[in-house]
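Residue numbering restarts at 1 for every chain, and letters A, B, ... go by the order of the sequence lines.
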Amino acid sequence: MKLRGSAYVLIAFMVVMLILVTYSLTMPHLKSKLLPVVLGSGVFVLSAIRLWIEIKAGSRPKAAVSKGGAGEKEEGEGYWRRYLLNIGWVAGFILATYVVGFIITMPLFLLLYMKWLGTRWLVALAFAVITPLILFGVFEFALNVELYRGLLFGG
Amino acid sequence: MIFEAFIQALLNFLSPNLWLFMGVGIITALIFGIIPTTGNVLAMALFLPFLFTMTPEQALPLLVAIGSVIYTAGAITSILLGIPGTVPSAATVIDGYPMTQKGEGGRALGAGLMGSAVGGCGAAFLALLLVPLLLPMVMALRSNDMVFLVLIGISFIAVLSGGSMIKGLISGCLGLLLSLVGFQAVTAVERFTFGTTYLYDGFCLVAFAMGIFAIPEVLDLAVEGGTIAKGEAVVTKVTGIFKGIKDVFRNKMLVLQSSGIGFGIGTIPGIGALVATFVSYGMAKKRSKHPELFGTGHVEGVIAAECPNNAKEGGALLITLALGIPGSADMVLILAAMMLVGLTPGPAMLTDHLDLSLTLMLVIIVANIIAVIICLPLVRYLAKLARVPSHILVPLILMIVAVAVFAYREEFYDVITLFIFGGIGIILKHFGYNRPAVVLGFVLGSLFEQYLFLSLGLDGLFFFMRPISLGLIFILIALFTYGPVKKIVQRRMGGGKS
């Protein structure tokens, strides 16, 4: 029997809650462990019930999607591939910022990501120059916040 | 007390600061309301990191202004391009776009924009009138009752927002659990910090809320790609717009009915503006002398769809301020904003900060009027914003979000937190979990624990044995059992008939 993605999410919740409740029971005071144990157990039980419902139901339910989370989205492999690629760009941005800081990463990220998404070179270049300048001006001068300089440049 | 607070609220409008921040909120709302798939949650979430630089009198009017008028702008693309700028504006498309196709786009715009403003102002005015009635009730609440009010708030949003009730409850509980990270207030025990000093104060609210709400929306935009709005907007004539404005004042009963529906639904947590607009549209069609005209380009359809949009905000804000129970995702962010600026959401807003609460209701009225004044002459130009391509929007928003979150505490780990919760938000969104419930649980979690232990300390295990608490418990039980009981009864009646 093939499980749907949502079933794996529920299983993940159950595993995490089991670990959480077990860990919470080792806390010294009743007041500190009460809510983690109660809530963790609650999520575990609810996840188990939902998992049972999904396994019993078998076929994929049709659902409409809204921002509040009305139901599951059904997308093809191409959709998730594009998603992972975009997440990859974001991960690259975080890593680059951590190493070299915002000032270097911002223009490079804007230029390369916009180009990858389909913007023309000139437009991407314009945004890559103007946006970091504006953000630098707003944060460093107006708000007096030093933007992260990265590991290499003293962050 | 109420009179003095009302005078103070009016005096707050003499402050240029309030006008400045309200103005920023209005402009932001108009931009985000026009660009499809962005919306009020993203618009508000973008300002969260900047709230630390603001006083409550600056931060809250800014956010309330965004929430009050974002649907006003959403009507523009709904009518001119047939694409809802905001989700609740979908009902406006039904009659608004056909009116444009018939050459009556100006009339539809006039009716829609004025309908939004009248609905919003009327509801805010009603909220002001109801404050004196709510005040005695709010002052009777104790920590015992607050425990159940918080549970009701999370449960309403979890159960009534649509989708699986179990997933909604899991979402609310997850939010509560995530709020427990850090030092426990009563015992000073470290919970789930794993020795990291970064987590001693728990997760950063700004990074958390923006991650859960903003990142999934932006990445969805990146994946879907392209320009949501295509095609040229039809030229609108000024005379047509004024005809539409007159239509609003000619259909007074319709405006009253639609605004009332919006206000009423706004007071019920978990039921959003989308439901309000379609319920209002359905009622208007049912009561109309010409129901057959609805859907063909009938101005009454536009009025019925637009009035409740903004009217909902008055009702939702009243309940959010009075009881600390937010009606929707944008109210959850207003609650989060209150905590960020040092206010405690809940009954204290109507007792200790009554003047600020009244100011916010007046902000709704003023913001609605200003939004219409801006929109009417600039409609054709504002509509062009709907064609900003996502390949420009997405990198810009991601950049601004990351820098803003860093700037909040000048802590790079907050940026990492932002994107980790962004990833969790993506999973929650795509597997049908309730993100507003998660954020609400997170925002109210520490308060809930404080109220719980205070109540247990004062009144012991039977702390719930108070009339108000028992009433709230009854509401909770009714909320959870209504759906399943209804299904059982329907199944039995269906089985009986066969």
Side-chain angles (χ1 to χ4, degrees), chain A residues 5-6 9-10 13 20 23-24 27-29 31-36 39-40 42-43 46-47 49-50 53 63-73 75 79 82-83 86-87 90-91 93-94 97-98 102 106 109-110 113-114 117-119 123 127 131-132 135 139 143 145-148 155, chain B residues 39 41 50 53 87 161-164 166-171 173-174 176-177 180 184 186-187 189 191-192 215 217 219 222-223 225 272 274 329 389-392 394-396 398-400 402-403 406-407 410 412 415-416 419 422-423 426-436 449 452-453:
Chain A
S6 54
V9 172
L10 289 163
F13 280 151
L20 184 143
Y23 177 77
S24 301
M27 287 178 189
H29 296 282
K31 282 183 180 173
S32 56
K33 63 179 134 189
L34 177 66
L35 277 187
L39 290 170
V43 174
L46 288 169
S47 302
I49 295 171
R50 182 69 202 177
I53 292 171
V65 176
S66 74
K67 284 182 182 172
E72 281 187 45
K73 280 182 101 160
E75 298 94 8
Y79 181 89
R82 285 197 303 278
Y83 226 108
N86 278 281
I87 289 173
V90 170
F93 166 71
I94 300 171
T97 307
Y98 184 61
F102 276 114
M106 278 197 290
F109 174 73
L110 281 172
Y113 189 34
M114 278 190 176
L117 285 173
T119 314
V123 174
F127 276 104
T131 310
L135 288 175
F139 286 98
L143 295 176
V145 170
E146 190 184 307
L147 293 180
Y148 184 66
Chain B
V41 171
F50 301 98
T53 61
V87 171
S161 293
S164 156
I166 292 178
K167 283 185 178 177
L169 290 173
I170 290 174
S171 306
C173 289
L174 279 178
L176 284 169
L177 274 170
L180 301 179
Q184 209 265 354
V186 178
T187 60
V189 168
R191 289 189 297 199
F192 315 115
I215 300 297
E217 306 309 320
L219 284 179
V223 171
L274 182 64
S390 59
H391 55 81
I392 289 179
V394 166
L396 282 181
L398 277 175
M399 184 62 43
I400 292 168
V403 172
F406 171 79
E410 296 190 48
F412 187 75
V415 179
I416 296 176
F419 288 108
I426 290 167
I427 293 170
L428 293 176
K429 179 178 180 180
H430 286 272
F431 289 105
Y433 289 87
N434 192 317
R435 288 178 295 151
E449 195 175 32
L452 178 66
F453 289 126

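Annotation for A:Y83: atom OH counts as buried by contact number, over 12 foreign heavy atoms lying within 6.0 Å.
Ring-plane geometry between A:F13 and B:Y433 is classed as perpendicular, the angle between the planes exceeding 60 degrees on a 0 to 90 degree scale with a lower cut at 30.
Both the backbone and the side chain of B:L219 come within contact range of chain A, with heavy atoms under 4.5 Å apart. With a 4.5 angstrom heavy-atom cutoff, B:L452 touches chain A only via side-chain atoms. In this structure, chain B has a heavy atom under 4.5 Å from the side chain of A:F139, while its backbone stays farther away. In this structure, the portion of B:F50 lying under 4.5 Å from any heavy atom of chain A is its side chain and not its backbone. Heavy atoms of B:I427 lying under 4.5 Å from chain A belong exclusively to its side chain. For A:Y23, the part lying under 4.5 angstrom from a heavy atom of chain B is the side chain only. Proximity to chain A involves both the backbone and the side chain of B:E449, based on heavy atoms less than 4.5 angstrom apart. Contacts of A:S32 with chain B are made by both backbone and side-chain atoms, with heavy-atom separations under 4.5 Å. For B:I392, the parts lying under 4.5 angstrom from a heavy atom of chain A are both the backbone and the side chain.
Ranked by heavy-atom pairs shorter than 4.5 Å toward chain B, the options A:V123, A:L135, A:L10, A:T119 are led by A:T119. Of the listed residues (B:I416, B:V189, B:I400), the greatest number of heavy-atom pairs within a distance under 4.5 Å of chain A belongs to B:V189. Annotation: maximal heavy-atom pairing with chain B below 4.5 Å, among A:K31, A:E146, A:M114, A:M106, occurs at A:K31. Top candidate by heavy-atom pairs under 4.5 Å with chain B, chosen from A:P36, A:G42, A:G118, is A:P36.
Residues B:V415 and A:F102 meet the side-chain proximity criterion, which asks for heavy atoms closer than 4.5 Å. Residues A:V9 and B:L428 form no side-chain contact, since every pair of their non-hydrogen atoms from C-beta on lies 4.5 Å or further apart.
Closest approach of A:R82 and B:V223 over heavy atoms only: NE-O, 3.3 Å. A:Y148 approaches A:T97 most closely through the heavy-atom pair CE2-O, 3.3 Å. Summarising the geometry of B:F192 relative to A:S24, their closest heavy-atom pair is CZ-OG, 3.4 Å, with the distance given to 0.1 Å. Considering every non-hydrogen atom in both B:C173 and A:L39, the closest pair reads SG-CD2, 4.2 Å. Contact record, B:F431 with A:S6: CE2-N, 3.3 Å, taken as the closest heavy-atom pair.
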